[in-house]
Q: 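This structure is in structure tokens; I'll ask about it shortly.
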Amino acid sequence: MESTPNSSYPQYASVLLEIAIDKPLEYGVSEEHVSQIVRGVQVKVPVRGKLQTGYVLELKKEPSFPKVLPIGEVVSEQELISEDLFTLAIWMSRYYATPLRRVMKSLLPASIRKNVSHKNQYFVSSLQTKEHLRNLYRELSQTHLSQAKVLEILLPASKGMLLSELLEKGGVSKSPVDTLVKKGVLHLQKIQIDRSPLSGEEYFKTKPKPLHKEQKEAFDKICSSLTKREFETHLLYGITGSGKTEVYLQAIEYALQLDLSAILLVPEIALTAQTIERFRSRFDDKIAVLHYRLSPGERFDEWHRIRKGEAKIVIGARSAIFSPVPNLGLILVDEEHDGAYKQTEEAPCYHARDVAVMRGKLSSSTVVLGTATPSMETYHNVMRGKYTLSTLHERATSSSLPHVTIVDMKREFEKAKGYTSFSEILLSSIQKRVERGEQTILFLNRRGYHTSFSCTACGHIYQCPHCDLPLTFHKGEGILSCHLCGYRISPLPRVCGSCQSGEMLKFKGVGTEQIEKSLHAIFPSIRTIRVDGDTTRHKGSHERLFREFRTGKADLLIGTQMVTKGLHFPGVTLVAILNTDGSLHIPDFRAGERVFQLATQVAGRAGRGTVPGEVILQTQIPENGTIKQAAAQDFDVFYQSEIKIRKAFGFPPFTHLIKVTLSSKKPSEIEIYGQRLREKIATLLGNSYLVHPLIPCGYAKIKDWYRCQFLIRGVAVYPMSEGIQKVLSEFSPSKTLRVQIDVDPLSTFF
Ligand code: ADP
Ligand code: ZN
Ligand code: ZN
């Protein structure tokens, strides 16, 4: 490595490092590297005497300071980040107030950054007969142990094996293999292994269906933007089963005809075999599927297939929006309202739908957002004329819309003389379904058996010591557990940990596990399947459970959020939400929107076959406007009343919010730094922006980290996000304090 500073190079490059240095550093490009260095190439550069990985950000003729070090190594043959993705990354960095370095981490899969290819594998086979090998083995085991070992492993394999497998099994290095190759005993051959996750699956080829009138209108509008190669965003708004997916399929086909590629985003949970199969059956192996279960090697392969243009259609969850698709022309976002599109765990806290629209703009693509319940932001953009609306009013097949009933649970409690999870009408409706051989789905957003455990003598509630959250009782496992960190207590305490009184400990609250148990007590012969975080811990388990349900192995499916989305169960004629107002009590301006979406999504599960469906919404506040609108399944009425509230209180989509979350193991540190940060930001932003007070988060402590937040609100987003970046760079927190910036947060409470 040549690392003496020099004052003249043919070119200079600013390099963005992967290690924690947010500012790009400058290096010289030596003569030998000039032809390889373009924007986006991965390089290694010397930093404090060590080579570090980074990306070429910009090239220039003149250095900014006299003595620069040269780039050490060029790692990637081509640029890893194409020009349009680079521009997107720079936009994200600015919009989401995140250093470009961190944005790159989201943009490039780890396997690409680290170059984890196992694709080019070597295959070892024998050039000799088995007899000969055996004799040779006997000879070598006296003299050359490692060569003998190689033969020992290879002997039982009739055709040979992968070099990596051989080396692993034999615990030897490659050199004895090389020796045997030289001796003419073995043959070493480079092969390509196709790890495409789709290969080998069976599927039927399907043909496009003749579109009905409204589908055709939507399709034509999309095609017209595609033909013009102009950026335009469409909202495809249609109830579940109205034929949106069919429109996506045909729009993609049209894009392919124009030699354009497409990206389809789906919420992770909807990325089931069912969805994939539907696309595969139309487009064959032109598809690349990206989901979290891919191994790093598989991800690496898919990424390269996409980049080479071999896979012209990419289907994936959130991060698939960063696929290196050449010639992108169409971006589809299914279930655009879905919260899973928002990254919340780490910076950048981006919303894949919004990034999709921006990528569409930068690449002159057509963007299609599809949903049965548009988000307020998206529908507001339709109303402002920014997005083009296409509505599908009816279901594509003959199935009719379900009938929705609101049940007042307060009256049910009176009738039952106490708490009950099931209304009379729900029980009789389930009974009917069981008799007729039809299926039911029950939704409850709480898993476990009881949702709290407390002492009625002194009021002590069993909470997680690390999270300050009530522990949930799981009867099957006999434990109390924390749903935030996994902390558990077992066996259950017999006397109160606080006042030592016995027999006063009581359970409260109902979760899915208890619902399932109660149903079996009421209907002894009922067959149930439960789908929640507890029953789907293993890879592939929720797909298996859904498949069992679809094929009629159960009468009733009970589950949490997971059962509400995108699934097609023709046998289901009854759907109920056990506690519709559950999330209305969360102090968040989006609570109403969420309840409306939940009810609509759940209702969409009922009656997708030939028998009309029925929906039951159990609630303790039947007079609540949102619940009534949800029951009437009237989005327009809901939108009109909700948008007035948003406007009156200055909430999004009329303003942007930024949530600043501070966490530390020391609450005092949060208080001191948090208040000063708030003040600095408020001073910088001035009177046009509102900086809310510093308050504890809804989850005020997670895994021993205390958490507080404050919101910043204003009409223009860039001054806020840039202001925060500026303040943070000048007034950076200590190492023991974490600051997270969430622009356009979905939750302002947790
Ligand atoms: P969505 O995506 O809005 O839920 P789908 O595209 O899945 O709706 O359509 C629902 C059902 O109707 C599917 O079984 C689909 O094959 C069928 N379907 C969609 N469009 C048509 C059409 N034009 N003619 C006949 N069947 C259709
Ligand atoms: Zn007690
Ligand atoms: Zn905990």
Side-chain angles (χ1 to χ4, degrees), residues 204 206-219 235-252 264 266-267 270 272 274-275 277-279 281-282 332-336 368-374 390-401 453-472 479-489 493-506 550 565-570 600-601 603-610 699-707:
F204 297 99
T206 58
K207 287 214 179 66
K209 296 185 167 60
L211 297 176
H212 62 67
K213 188 166 163 290
E214 288 181 330
Q215 276 177 316
K216 183 81 172 63
E217 283 166 13
F219 176 70
L235 169 64
L236 184 57
Y237 163 39
I239 52 165
T240 324
S242 59
K244 296 186 294 296
T245 310
E246 187 61 38
V247 175
Y248 303 157
L249 285 160
Q250 300 198 18
I252 293 174
L264 168 70
V266 294
T272 55
Q274 219 179 342
T275 317
E277 197 184 312
R278 232 175 130 184
F279 282 82
S281 71
R282 285 285 165 88
L332 307 134
V333 184
D334 190 29
E335 314 277 1
E336 66 86 21
V368 180
L369 311 178
T371 178
T373 50
S390 294
T391 310
L392 308 179
H393 289 95
E394 272 152 38
R395 285 194 165 175
T397 50
S398 57
S399 61
S400 50
L401 276 179
F453 186 58
S454 59
C455 171
T456 43
C458 73
H460 173 67
I461 297 171
Y462 275 81
Q463 286 193 326
C464 174
H466 310 288
C467 309
D468 290 350
L469 191 80
L471 296 169
T472 301
I479 56 161
L480 288 170
S481 99
C482 169
H483 286 182
L484 285 178
C485 76
Y487 170 85
R488 44 175 65 194
I489 299 180
R494 289 176 180 275
V495 292
C496 169
S498 178
C499 72
Q500 317 303 329
S501 78
E503 288 161 31
M504 296 295 275
L505 293 169
K506 290 262 157 34
R550 187 161 48 247
K565 297 180 186 174
L567 294 148
H568 182 46
F569 300 114
T600 311
Q601 296 295 324
R605 306 294 126 229
R608 295 197 68 187
T610 43
Y699 290 140
K701 186 172 140 195
I702 299 180
K703 293 184 193 169
D704 295 319
W705 284 73
Y706 293 86
R707 305 170 74 245

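When a residue number appears, it is its place in the shown sequence, counting from 1. Start at 1 and go down the list; that is how both ligands and their atoms are numbered.
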Q: Treating Glu214 as the side-chain partner and His393 as the backbone partner, does any N or O pair qualify as donor plus acceptor under 3.5 Å?
A: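 Flag set: sc Glu214 to bb His393 pair under 3.5 Å.
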Q: For the side chain of Gln250 and the backbone of Gln215, is there at least one donor-acceptor N/O pair under 3.5 Å apart?
A: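 No: the side chain of Gln250 does not pair with the backbone of Gln215.
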Q: Taking both backbone and side-chain atoms into account, decide whether Cys464 has an N/O/S atom under 2.8 Å from the Zn ion (ligand 3).
A: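 It does; at least one qualifying atom falls short of 2.8 Å.
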Q: Examine the proximity of ligand 1 to Arg278 and report which part, side chain or backbone, both or neither, has a heavy atom under 4.0 Å away.
A: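 Looking at Arg278 and ligand 1, just side chain atoms fall under 4.0 Å.
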Q: Show the atoms of ligand 1 that are less than 4.0 angstrom away from any heavy atom in His212.
A: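 In order of number, 23 (N).
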Q: So does Glu246 pair up with Arg282, basic N to acidic O under 4.0 Å?
A: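 Here Glu246 pairs with Arg282 in a salt bridge, since their nearest N and O are under 4.0 Å apart.
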Q: I'd like to know if the Zn ion (ligand 3) has an N/O/S atom from Cys467 within less than 2.8 Å of it, counting both backbone and side-chain atoms.
A: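 Short answer: yes, at least one N, O or S atom is under the cut-off.
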Q: When you measure from the side chain of Tyr462 to the backbone of Gly497, do you find a donor-acceptor pair of N or O atoms at a distance under 3.5 Å?
A: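 Side chain of Tyr462 to backbone of Gly497, a donor-acceptor pair under 3.5 Å: yes, one is there.
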Q: Which ligand 1 atoms, with their elements, are less than 4.0 angstrom from a heavy-atom of Ile239?
A: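 The list of qualifying atoms is 3 (O).
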Q: Under a 4.0 angstrom heavy-atom cut-off, which atoms of ligand 1 come close to Gly243?
A: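 Taking each heavy atom of Gly243 in turn, ligand 1 has 1 (P), 3 (O), 5 (P), 6 (O), 8 (O), 9 (O), 19 (C) under 4.0 Å.
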Q: Do other residues, nucleotides or ligands put more than 12 heavy atoms under 6.0 Å from Glu503 CD?
A: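 At most 12 heavy atoms, drawn from other residues, nucleotides or ligands, come within 6.0 Å of this atom.
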Q: With a 4.0 Å cut-off on heavy atoms, is Gly238 touching ligand 1?
A: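 Heavy atoms of Gly238 never come under 4.0 Å of ligand 1.
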Q: What atoms of ligand 1 come closer than 4.0 angstrom to any heavy atom of Leu211?
A: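 Selected atoms, number and element: 23 (N).
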Q: Hey, is the main chain of His460 close enough, under 3.5 Å, to the side chain of Ser498 for a donor-acceptor pair?
A: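 Here the side-chain-to-backbone pair does not exist.
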Q: For ligand 1, which atoms sit closer than 4.0 Å to a heavy atom of Pro210?
A: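 Those of ligand 1 that fall under 4.0 Å from Pro210 are 22 (C), 23 (N), 24 (N).
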Q: Given 3.5 Å as the limit, does a donor-acceptor pair link the side chain of Lys244 with the main chain of Leu236, or not?
A: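 Answer holds: no.
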Q: Quick one: does ligand 1 sit under 4.0 Å from the side chain of Lys209, the backbone, both or neither, non-hydrogen atoms only?
A: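 Contact part for Lys209 vs ligand 1: side chain (C-beta onward).
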Q: Would you check if the side chain of Lys701 reaches a backbone N or O of Pro465 as a donor-acceptor pair within less than 3.5 Å?
A: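 Such a contact is found between Lys701 side chain and Pro465 backbone.
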Q: Which angle, to the nearest 10 degrees, do you find at the Zn ion (ligand 2) between SG in Cys496 and SG in Cys455?
A: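 For SG of Cys496 and SG of Cys455, the angle centred on the Zn ion (ligand 2) reads 110°.
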